[in-house]
Amino acid sequence: MIRNILGSVVALAGAASAVLSPFRDWYAGRAGHEYRVRDLFEGITATESGVLVSILLPFLVAALLVIAGVVLRSRLVVAFAGVVVLGFTILWMVRQGQAAGSLVVGGDGAGLQVGVANALAGGALMVIGALLMRGRGRRSRRGAGREPVERYAAPAADQVDTWPPTQEPGMSVQQSPWPEPEVEPYTGPDPRDARTRSYPEDDPRDPVHPPHRPPQI
């Protein structure tokens, strides 16, 4: 979020610098809006240009692209706008150098002036702003269609008590490789043990050992 705000501010500052640059002197006291866009492709001439068909036109288009890129949080659009400003400025420098024979930077206003510096700085700020922006959250879009993955998969039916831990309640145990001893089912107290007998021996009430009766003939 902070990077998007910082990158947007830098890019917008670059767009403002680029738009204002044609209203300042570019070369030998000639303002940037006096150069026609067609002069950049056909050669620099002394013919003055209207504002809307001057070099200001591509800079206005680049500024609108920056605003759209900031609103949409698109790094690609903002960077493209910076490349447009830098490209037209460098193209003008090439044509001006061909027309004047050479490009010079003079403090007396005979060479490149502050308008060119503003245009170059504006395009560079747009590109830097695009690099600072994070853009839209791609991770959230990628993870939206994925199903949640369980941390521990359900164990197989024959591996309920094996390691690693399962999702069964209670503490997990490690299965022993040795067979567990079988416990005989409980069938009641031992009738031969006198301590557990409820009736004395040969008692008719004893259901386990009733008294022996002689067979009847």
Side-chain angles (χ1 to χ4, degrees), residues 1-42 44 48-100 103-146:
M1 183 65 179
I2 297 178
R3 289 187 57 181
N4 280 331
I5 295 176
L6 181 59
S8 300
V9 171
V10 173
L12 291 174
S17 177
V19 171
L20 292 177
S21 64
F23 297 96
R24 311 191 71 174
D25 293 339
W26 276 49
Y27 194 84
R30 189 177 181 183
H33 64 81
E34 297 179 2
Y35 294 94
R36 298 180 302 177
V37 175
R38 61 183 298 181
D39 291 346
L40 303 180
F41 303 95
E42 299 176 358
I44 301 296
E48 294 187 0
S49 171
V51 176
L52 296 180
V53 293
S54 66
I55 198 174
L56 175 64
L57 180 61
F59 290 177
L60 284 176
V61 174
L64 294 177
L65 289 176
V66 169
I67 295 175
V70 169
V71 173
L72 300 176
R73 290 189 292 179
S74 176
R75 301 174 60 186
L76 183 61
V77 174
V78 176
F80 177 74
V83 172
V84 168
V85 173
L86 292 175
F88 274 91
T89 305
I90 295 174
L91 180 60
W92 173 87
M93 295 174 65
V94 172
R95 292 301 185 182
Q96 182 63 44
Q98 292 175 349
L103 287 178
V104 295
V105 180
D108 55 354
L112 295 176
Q113 294 183 299
V114 66
V116 181
N118 288 344
L120 293 174
L125 288 176
M126 294 180 192
V127 175
I128 294 174
L131 296 177
L132 291 176
M133 294 173 62
R134 293 180 59 90
R136 297 182 179 181
R138 297 181 178 178
R139 294 182 179 179
S140 60
R141 295 199 305 269
R142 291 180 179 177
R146 296 183 180 179

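Computed from a prediction, not measured in an experiment: that's the story for all the values here.
R75 contributes atom CZ, which lies 8.5 Å from atom CG of L132 (distance to the nearest 0.5 angstrom). We find the CG-CZ distance between L131 and R3 to be 9.0 Å, quoted to the nearest 0.5 Å. Rounding to the nearest 0.5 angstrom, the gap separating the CG atom in L56 from the CZ atom in F23 is 4.5 Å.
Residues passing the side-chain hydrogen bond (donor to acceptor under 3.5 Å, both in side chains) test with R95 are Q98, sequence neighbours excluded. In this structure, the side-chain contact (heavy atoms from CB on, under 4.5 Å) partners of V78, at least two apart in sequence or on a different chain, are A11, A130, M133. Scored by the side-chain hydrogen bond (donor to acceptor under 3.5 Å, both in side chains) test, R24 finds no partners at all (sequence neighbours excluded).
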Exercise for review: For L12 and I67, run side chain to side chain contact (heavy atoms under 4.5 Å, CB included): C-alpha distance rounded to whole Å, both residues' side-chain angles, the deciding distance at 0.1 Å, then the answer.
Suggested key: CA-CA 7 Å; L12 291 174; I67 295 175; 4.2 Å; yes

Exercise for review: Just do the side chain to side chain contact (heavy atoms under 4.5 Å, CB included) check on R30 and I44 with the steps written out, would you?
Suggested key: CA-CA 12 Å; R30 189 177 181 183; I44 301 296; 4.2 Å; yes

Practice item. Please lay out, stage by stage, how W26 and L112 fare under the test side chain to side chain contact (heavy atoms under 4.5 Å, CB included). Key: CA-CA 6 Å; W26 276 49; L112 295 176; over 6 Å; no

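Side-chain atoms of V77 and L72, non-hydrogen and from C-beta on, never get closer than 4.5 Å to each other. No side-chain heavy atom of Y35 sits less than 4.5 Å from a side-chain heavy atom of L40. The shortest distance between side-chain heavy atoms of W92 and D39 does not fall below 4.5 Å. Using a 4.5 Å heavy-atom threshold, the side chains of L64 and L60 count as separate. Between V84 and F88, the closest side-chain pair of non-hydrogen atoms falls below 4.5 Å.
Formation of a donor-acceptor pair under 3.5 Å by the S21 side chain with backbone atoms of A18 is found in this model. Without hydrogens or angle criteria, S8 side chain to N4 main chain gives a donor-acceptor distance under 3.5 Å.
Atom CZ of R38 has 12 or fewer neighbouring heavy atoms from other residues, nucleotides or ligands inside a 6.0 Å radius.
When every heavy atom of A13 is checked against every heavy atom of L125, the shortest pair comes out as C-CD1, 4.3 Å. The nearest pair of heavy atoms linking L86 to L120 is CD2-O, 3.6 Å. Annotation for A81 and A62: closest pair CB-O, 3.3 Å, computed over non-hydrogen atoms. Across V127 and A79, no two heavy atoms sit closer than the pair CG2-O, 4.3 Å. In terms of heavy atoms, R134 sits closest to M1 at CD-N, 4.5 Å. Among all heavy-atom pairs drawn from V116 and M93, the shortest one is CG1-SD, 4.2 Å.
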